[in-house]
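Structure record follows, encoded as structure tokens.
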Protein chains: 2
Amino acid sequence: MDNNEIEKKLESKNVKPTAMRTLVYKTLTDSGKALSLADLEQRFEKVERSTIFRALKTFEDNFIVHSVDDGSGSVKYAVCDEDCTCNIHDLHVHFYCTRCGRTRCMKELPIPNIKLPEGYTYDNAQFIINGVCPRCD
Amino acid sequence: MDNNEIEKKLESKNVKPTAMRTLVYKTLTDSGKALSLADLEQRFEKVERSTIFRALKTFEDNFIVHSVDDGSGSVKYAVCDEDCTCNIHDLHVHFYCTRCGRTRCMKELPIPNIKLPEGYTYDNAQFIINGVCPRCD
DNA sequence: TTAAACTTTGCAATAGTGTTGCACTAACTT
DNA sequence: AAGTTAGTGCAACACTATTGCAAAGTTTAA
């Protein structure tokens with residue numbers, strides 16, 4: 001994805017496309033998987049952790065990325081689909097490979113609908129499947 | 001649950017019932033919900049974090065408790081059912097109340113079966129539903 | 001075009017969680 | 001009772017997430 005597209009994307013979500021933000025977004029989308037703060041930090045040694053952190057938070061608040069806690073000990077971030085608002089209908093399964101540690105959005109697998117007992121409300125959900133991915137098998 | 005029962009329980013899972021372990025188990029089971037290391041630490045000020053930590057690990061290794069990462073930032077632990085071996089068939093949904101921070105095992109809600117794409121294996125899963133519990137509503 | 005106002009970034013510091021090594025003590029074995 | 005093993009407490013540490021503050025950059029408005 002080229003920078004121009006990214007800038008348009010960010011603007012369309014009301015986020016000012018600074019150099020850092022564009023870089024973070026590009027890295028995320030190009031990687032094709034969910035990345036942690038530490039992953040991102042490694043990919044561009046020069047940039048401050050807190051800057052990346054705040055970029056991710058901003059993205060998250062504006063439905064540009066969603067976060068996944070895959071149980072690896074660090075939260076990962078993945079780009080949302082075009083018209084995602086991070087509500088129940090956008091939720092999908094995430095797959096965590098216990099061999100390589102990679103986390104993938106399974107956008108083709110929506111989180112199944114669960115009927116909760118009386119009195120519980122349903123705002124959000126995380127469904128992480130652990131196993132081994134084709135690459136590692 | 002009284003101490004005698006607990007000791008039998010632990011022994012039946014090949015874990016020696018020390019005073020600390022019995023206490024940790026009792027606290028967990030009596031609370032009726034999932035507790036974090038910090039939660040447990042607070043409940044008995046005198047006991048070392050690492051002792052509780054190791055008790056939990058031992059329990060986990062022996063299918064006495066299972067852990068849940070509910071996204072709150074700390075892993076929680078809940079007692080398993082009688083004949084649980086923490087495999088796919090024992091997995092159930094966990095409910096995290098975003099208001100009170102309590103995490104509950106929904107043992108009556110097994111994790112639905114998901115058909116993964118070709119090449120992925122399925123070892124384990126976490127399904128956390130976030131919302132508001134009846135107590136807080 | 002310059003000053004004021006606001007936003008973003010980098011740096012440093014901090015809190016919290018999870019984890020380990022080591023020494024001491026308790027418990028079990030023979 | 002002596003030796004071996006298992007459990008506990010203490011201290012230390014790594015790592016993740018997060019914040020306050022000051023400097024730098026950008027936008028607005030006179």
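Owing to the predicted nature of the structure, the values given are computational and were not obtained by experimental measurement. Sequence lines set the chain letters: A, B, ... in the order given, protein chains first and strands last, and positions in each chain run from 1.
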- [ ] Strictly below 4.0 Å, heavy-atom distances to any atom of DNA chain C: list the hits from residues 20-31 of chain A, or just say none.
- [x] A/Met20, A/Arg21
Open item on the list: Has B/Thr29 got a side-chain atom pairing as donor or acceptor with B/Tyr25's backbone, closer than 3.5 angstrom?
Closed with: no
Donor-acceptor pairs under 3.5 angstrom involving side-chain atoms of residues 100-111 of chain A: please list them, not counting sequence neighbours.
from, atom 1, to, atom 2, distance (Å)
A/Thr103, OG1, A/Asp70, OD2, 2.5
A/Thr103, OG1, A/Lys76, NZ, 3.4
A/Arg104, NH1, B/Tyr120, OH, 2.5
A/Lys107, NZ, A/Val79, O, 3.1
A/Lys107, NZ, A/Asp81, OD1, 3.2

TODO: Whole angstrom is fine here: how far is it from NZ in A/Lys16 over to C1' in D/dA24?
DONE: 13 Å
Task: Residues A/Glu60, A/Lys57: salt bridge by 4.0 Å N-O rule - done: yes
Open item on the list: Within the 4.0 Å limit for protein heavy atoms, which parts of nucleotides 13-22 of chain D are touched? Write it as a string from 5' to 3', B for base, S for sugar-phosphate only, - for none.
Closed with: ---SBBBB--
TODO: Look only at the side chain of A/Asp61 and the backbone of A/Thr58, and say whether a donor-acceptor pair between them is shorter than 3.5 Å.
DONE: no
Task: From CG (A/Asp39) to OG (A/Ser31), nearest 0.5 Å - done: 8.5 Å
TODO: Rounded off to whole Å, could you give me the CD1-to-P distance for the B/Ile52 and D/dG7 pair?
DONE: 16 Å
Task: Atom pair distance, as rounded to whole Å: CD in B/Glu41 and P in D/dT8 - done: 15 Å
TODO: Any chance you could measure B/Asn87, atom CG, to B/Cys84, atom SG, to the nearest 0.5 Å?
DONE: 7.5 Å
Name each donor-acceptor pair under 3.5 Å that joins a side chain in residues 125-137 of chain A to protein atoms two or more places apart or in another chain, with its distance.
from, atom 1, to, atom 2, distance (Å)
A/Gln126, NE2, A/Ser67, O, 3.3

Open item on the list: Over 60° means perpendicular and under 30° means parallel, so tell me whether B/His66 and B/His94 are parallel, tilted or perpendicular.
Closed with: tilted
Task: Of all pairs that satisfy salt bridge (Lys or Arg N to Asp or Glu O under 4.0 Å), the ones with a partner from residues 12-31 of chain A, not counting sequence neighbours - done: A/Lys26-A/Asp30
Task: OP1 or OP2 of D/dT8 under 4.0 Å from side-chain N/O of B/Thr18 - done: yes
Task: Straight-line distance of A/Thr85 OG1 to A/Asp90 CG, nearest 0.5 Å - done: 4.5 Å
Task: chain B footprint on DNA chain C, 5' to 3' - any atom under 4.0 Å from a heavy atom - done: C/dT17 to C/dG21
